[in-house]
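This report concerns only the one structure given below.
In what follows, every heavy atom counts, from backbone to side chain, and hydrogens, waters and symmetry copies are set aside.
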Amino acid sequence: MLFSYGRYTTPFQDEGCSLPDAFLHDVVQLWKDFEDLYNLLSNETPTPNASDEVHLKGKRWIELFLRIKSDGHQRKFVTPYMHAMVYHIPYAIRQYGNIKQFSCQGVEKHNDDSKRNYFSSNRWDAPGEIMMAEHRLELLQQYARDRRQYTKHSSEYWHQGGIQATRSQLRESN
């Protein structure tokens, strides 16, 4: 069976996978509600009652998460992020409006780069090496690389068969 709910479709076939429609409906609804919450949190200009909406929708989302009867949907799997979404993010929206300004994307990128440098280092002091590399990058940030000048010497090569001659010479040599 192929369960479809609006534009959402789950690829569960009849081949040994017999899940009840109510379960599939709840899983699809969970993702739809998460999409609504994400769009609400991503809004550049939140409405005056956005904090209350986030609280209520987040609470309903966690209740739906717990209602799904599956190994991964138990109370012990409610993460601190879920708790923060329901009880702390609405406060931040009331205080600051748009919460996109608190995105940790830059910190995560920095962490990824530092981990990559740490594990690719073959020196004794990898953390020190990372700090020195960051300092060099900070110092060089004000300088920009100049583009290399290129002047085409012979345009006949491209227009009068030079490229085909080179390709045929390569084929003959192989």
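Interatomic distance, CD1 of I68 versus CD of Q29, reported as 9.5 Å (0.5 Å rounding). The CD1 atom of I89 lies 6.5 Å from the CG atom of L41; values are rounded to the nearest 0.5 Å. To the nearest 0.5 Å, atoms CG (N39) and CZ (F34) are separated by 10.0 Å. Remark: Y87 OH to K59 NZ distance equals 4.5 Å, nearest 0.5 Å. Here the NE2 atom belonging to H88 is positioned 13.5 Å from the CD1 atom belonging to I93, to the nearest 0.5 angstrom. Distance check: D146 CG to Q149 CD gives 9.0 Å after rounding to the nearest 0.5 Å.
A side chain to side chain contact (heavy atoms under 4.5 Å, CB included) with R136 is found for exactly one of E134, E138, M132, namely M132.
Aromatic ring orientation, F65 versus W61: parallel (interplanar angle below 30°, classes split at 30° and 60°).
Surrounding CE of M131 are at most 12 heavy atoms belonging to other residues, nucleotides or ligands under 6.0 Å away. Other residues, nucleotides and ligands place no more than 12 heavy atoms under 6.0 Å from the CD atom of Q141. At most 12 heavy atoms of other shown residues, nucleotides or ligands fall within 6.0 angstrom of atom OH in Y96.
Ion pairing between R116 and D113 holds under the 4.0 Å rule for side-chain N and carboxylate O.
Looking only at side-chain heavy atoms (C-beta outward), M82 and V86 stay at 4.5 Å or farther from each other. Between K57 and D33 the shortest side-chain heavy-atom distance does not fall below 4.5 Å. Looking at E53 and L40, their side chains come closer than 4.5 Å, going by heavy atoms from C-beta outward. Between N98 and T45, the closest side-chain pair of non-hydrogen atoms is not below 4.5 Å. Contact annotation: the side chain of L56 approaches that of R60 to within less than 4.5 Å [non-hydrogen atoms, C-beta and beyond]. At a threshold of 4.5 Å between non-hydrogen side-chain atoms, the residues I62 and L66 count as touching.
Placement of Y91 and M85 in two distinct hydrophobic clusters is found when ILVMFWY residues are connected by side-chain heavy-atom separations under 4.5 Å, directly or transitively.
Here the closest non-hydrogen pair linking A84 and P90 is O-CD, 4.3 Å.
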